[in-house]
*Asks:* 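Attaching a single structure in structure tokens format; questions to follow.
All values below come from the heavy atoms of this structure, side chains included, with hydrogens, waters and symmetry mates left out. Protein chains get the first letters and strands the later ones, always in sequence-line order, with residue 1 at the start of each.
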Protein chains: 2
Amino acid sequence: MKPLALPPLGRPDGMTTHDYAFNRLRQAIMVGAFRPGTSVTIRGLAEALESSPTPVREALRQLTSIGALQFLENRRIVVPHITPARFAELISLRIALESHAARRAVAHLSERQIEQIVAIDDSIETEIRKGDKVAALIANQAFHRMIYTANPDAVAMPLIESVWLQLGPILGIAMEHVTELYVVDRHREAIEALRRRDEEAAADAIAADIREGIGGFDQQAVARLLRLAA
Amino acid sequence: MKPLALPPLGRPDGMTTHDYAFNRLRQAIMVGAFRPGTSVTIRGLAEALESSPTPVREALRQLTSIGALQFLENRRIVVPHITPARFAELISLRIALESHAARRAVAHLSERQIEQIVAIDDSIETEIRKGDKVAALIANQAFHRMIYTANPDAVAMPLIESVWLQLGPILGIAMEHVTELYVVDRHREAIEALRRRDEEAAADAIAADIREGIGGFDQQAVARLLRLAA
DNA sequence: TTTCTAAAAATGTGATCACAAAAAGAGATT
DNA sequence: AATCTCTTTTTGTGATCACATTTTTAGAAA
């Protein structure tokens with residue numbers, strides 16, 4: 001088994017083997033460490049994570065539940081393929097879900113939280129300037145997550161992360177081919193809307209942000225790549 | 001362990017023990033067979049399903065991934081509690097997700113499929129007249145599912161089912177207290193919109209349908225119950 | 001009766017093993 | 001060189017067991 005190309009997360013004490021495996025794999029898929037069609041094996045991952053099949057299989061099963069992996073008929077476990085149509089649906093779903101989540105979060109945001117969001121936005125541009133694509137992607141996700149989870153009952157958040165996971169493998173391809181990182185400017189727009197407590201403007205800004213790019217990558221460029229891969 | 005109050009699904013040949021456990025439990029939670037706060041044990045369910053801990057634990061882990069169950073800090077496994085605020089968020093999310101899914105499905109619906117939807121809608125009213133709440137609920141879900149899955153890339157469907165699962169336990173309470181079933185009339189409205197291929201009208205009809213009731217139960221009555229339970 | 005403490009039971013976790021199915025490989029045949 | 005067949009290896013599945021933690025129970029003390 002080839003070593004996993006993952007950021008080496010330390011394993012906190014008290015965390016179960018299963019939780020560790022789940023989070024590690026989830027994070028890897030989320031940031032595009034696995035290409036669509038990649039197949040994984042339970043024993044292989046168990047070895048890579050220095051554990052046994054049982055907790056790894058549980059982690060893989062959970063990942064299938066949220067669309068990050070797929071158990072095929074022949075019992076093979078793969079990272080799902082994405083067609084251009086499916087990609088378009090996922091982006092459309094992101095817009096619906098996240099503009100909704102933003103709208104439902106606005107009323108709960110404190111000044112303090114808004115300042116934290118601004119700080120995260122700054123870190124995104126820092127990472128982009130450094131050219132660290134993965135870090136920029138993670139920071140971008142943190143930006144969105146910070147907004148939506150201001151709502152204490154952010155029931156949409158797990159669903160949004162599910163969509164991010166399904167888009168992850170595409171991002172991996174994008175990172176290999178796209179050199180120019182898209183500098184977000186809709187974020188400032190969103191922040192201004194949050195400051196004004198303007199739900200509709202916030203939802204619109206988030207929608208526009210997603211429509212234009214995914215995590216620093218130009219939307220159209222990614223779509224083009226996808227058509228080539230198909 | 002008390003016997004499960006589940007519709008006795010036969011286990012198809014070739015289905016794995018894990019799949020059987022997952023589907024059986026999922027269906028049970030979806031139709032309100034478990035009350036919020038109910039705790040389940042791996043060994044208990046394994047015995048009830050005549051299998052062993054391993055596949056059951058996998059099923060439970062998957063169910064937590066989609067919000068149907070919750071692993072607490074002390075490692076207890078429970079059906080999540082729902083606060084009035086959380087309930088409101090879930091309904092709001094249903095509206096956002098399902099009106100979106102309906103909009104994205106309209107273009108794909110064939111005449112034949114629309115007729116099947118009409119047939120399902122008839123069966124809902126039949127079940128309501130018979131007073132079979134669970135059957136009415138299942139038929140109502142089938143009605144919605146049939147619409148959304150007309151889209152060949154219905155990526156929102158798993159997320160929608162996740163929300164249904166999270167609402168399931170509430171429905172169980174509702175079924176115990178609500179005697180009068182709400183007769184849907186927004187379904188006809190939705191069907192007309194589908195026939196006219198009117199995306200906005202379809203989305204609006206679905207949104208109104210959800211706003212007024214969940215699966216045959218009056219929305220306001222359920223919310224009232226929830227406040228009492230809290 | 002209430003509260004505290006220790007023993008007992010129950011429960012989640014994870015490693016291991018046997019089994020069956022699938023995939024991969026080796027060799028023969030065309 | 002391509003295809004078929006049989007063997008070997010790999011892989012997912014599920015039952016079992018040992019272990020640690022948690023919960024429950026029982027009994028003593030206040």
*Asks:* Whole-Å distance between dA15(D) C1' and L45(B) CG?
*Replies:* 17 Å
*Asks:* Choosing from dT11(C), dT16(D), dG14(C), which nucleotide comes nearest the side chain of T41(B)?
*Replies:* dT11(C)
*Asks:* Whole Å only: how far is the CD atom of E47(B) from the P atom of dA10(C)?
*Replies:* 11 Å
*Asks:* Between dG14(C), dT23(D), dT11(D), which one does the side chain of R76(B) approach most closely?
*Replies:* dT23(D)
*Asks:* Considering only dT13(D), dT11(C), dG14(D), which nucleotide approaches the side chain of R61(A) most closely?
*Replies:* dT13(D)
*Asks:* Indicate, with a heavy-atom threshold strictly under 4.0 Å, whether R75(A) touches base, sugar-phosphate, or nothing.
*Replies:* sugar-phosphate
*Asks:* Roughly how many Å is it from CD in E58(B) to P in dT13(D), rounded to a whole number?
*Replies:* 7 Å
*Asks:* Atom CZ of R43(A) to atom C1' of dG14(D): distance rounded to whole Å?
*Replies:* 12 Å
*Asks:* Atom CG of L49(B) and atom P of dA15(D): how far apart are they, to the nearest Å?
*Replies:* 11 Å
*Asks:* Distance check: side-chain N/O of S52(A) vs OP1/OP2 of dG14(C), anything under 4.0 Å?
*Replies:* no
*Asks:* Within this structure, what is the CZ-to-C1' distance between F22(A) and dT13(C), rounded to whole angstrom?
*Replies:* 17 Å
*Asks:* Considering only heavy atoms, which members of residues 65-73 of chain B lie under 4.0 Å from some atom of DNA chain C?
*Replies:* F71(B)
*Asks:* At what distance, to the nearest 0.5 angstrom, does CE of M175(A) lie from CD1 of I170(A)?
*Replies:* 11.0 Å
*Asks:* Is there a side-chain contact between E176(A) and R35(A) (heavy atoms, below 4.5 Å)?
*Replies:* yes
*Asks:* Are Q166(A) and S162(A) close enough that a side-chain donor and a side-chain acceptor fall under 3.5 Å?
*Replies:* yes
*Asks:* To the nearest 0.5 Å, what is the distance between CD1 (I82(B)) and CG (L90(B))?
*Replies:* 5.5 Å
*Asks:* To the nearest angstrom, how far is M15(A) atom CE from dG14(C) atom P?
*Replies:* 11 Å
*Asks:* State which of dA15(C), dA18(C), dT16(D) makes the closest approach to the side chain of P53(B).
*Replies:* dT16(D)
*Asks:* For H18(B) and Q62(B), what are the C-alpha separation, side-chain angles and deciding distance, and is it a side chain to side chain donor-acceptor pair (under 3.5 Å)?
*Replies:* CA-CA 10 Å; H18(B) 155 265; Q62(B) 277 191 274; 2.4 Å; yes
*Asks:* Tell me whether the side-chain N or O atoms of T54(B) pair up with the base of dT16(D) as donor and acceptor below 3.5 Å, since no angle test is needed here.
*Replies:* yes
*Asks:* Just call it for R57(B): base, sugar-phosphate, or nothing, with non-hydrogen atoms closer than 4.0 Å on any strand.
*Replies:* base
*Asks:* Roughly how many Å is it from CD1 in I42(B) to P in dA20(D), rounded to a whole number?
*Replies:* 18 Å
*Asks:* Ignoring hydrogens and geometry beyond distance, is a side-chain donor-acceptor pair present between S92(B) and H100(A) at under 3.5 Å?
*Replies:* yes
*Asks:* For the side chain of Q113(B) and the backbone of S110(B), is there at least one donor-acceptor N/O pair under 3.5 Å apart?
*Replies:* yes
*Asks:* Does the side chain of N74(A) get closer than 4.0 angstrom to OP1 or OP2 of dA23(C) through an N or O atom?
*Replies:* yes
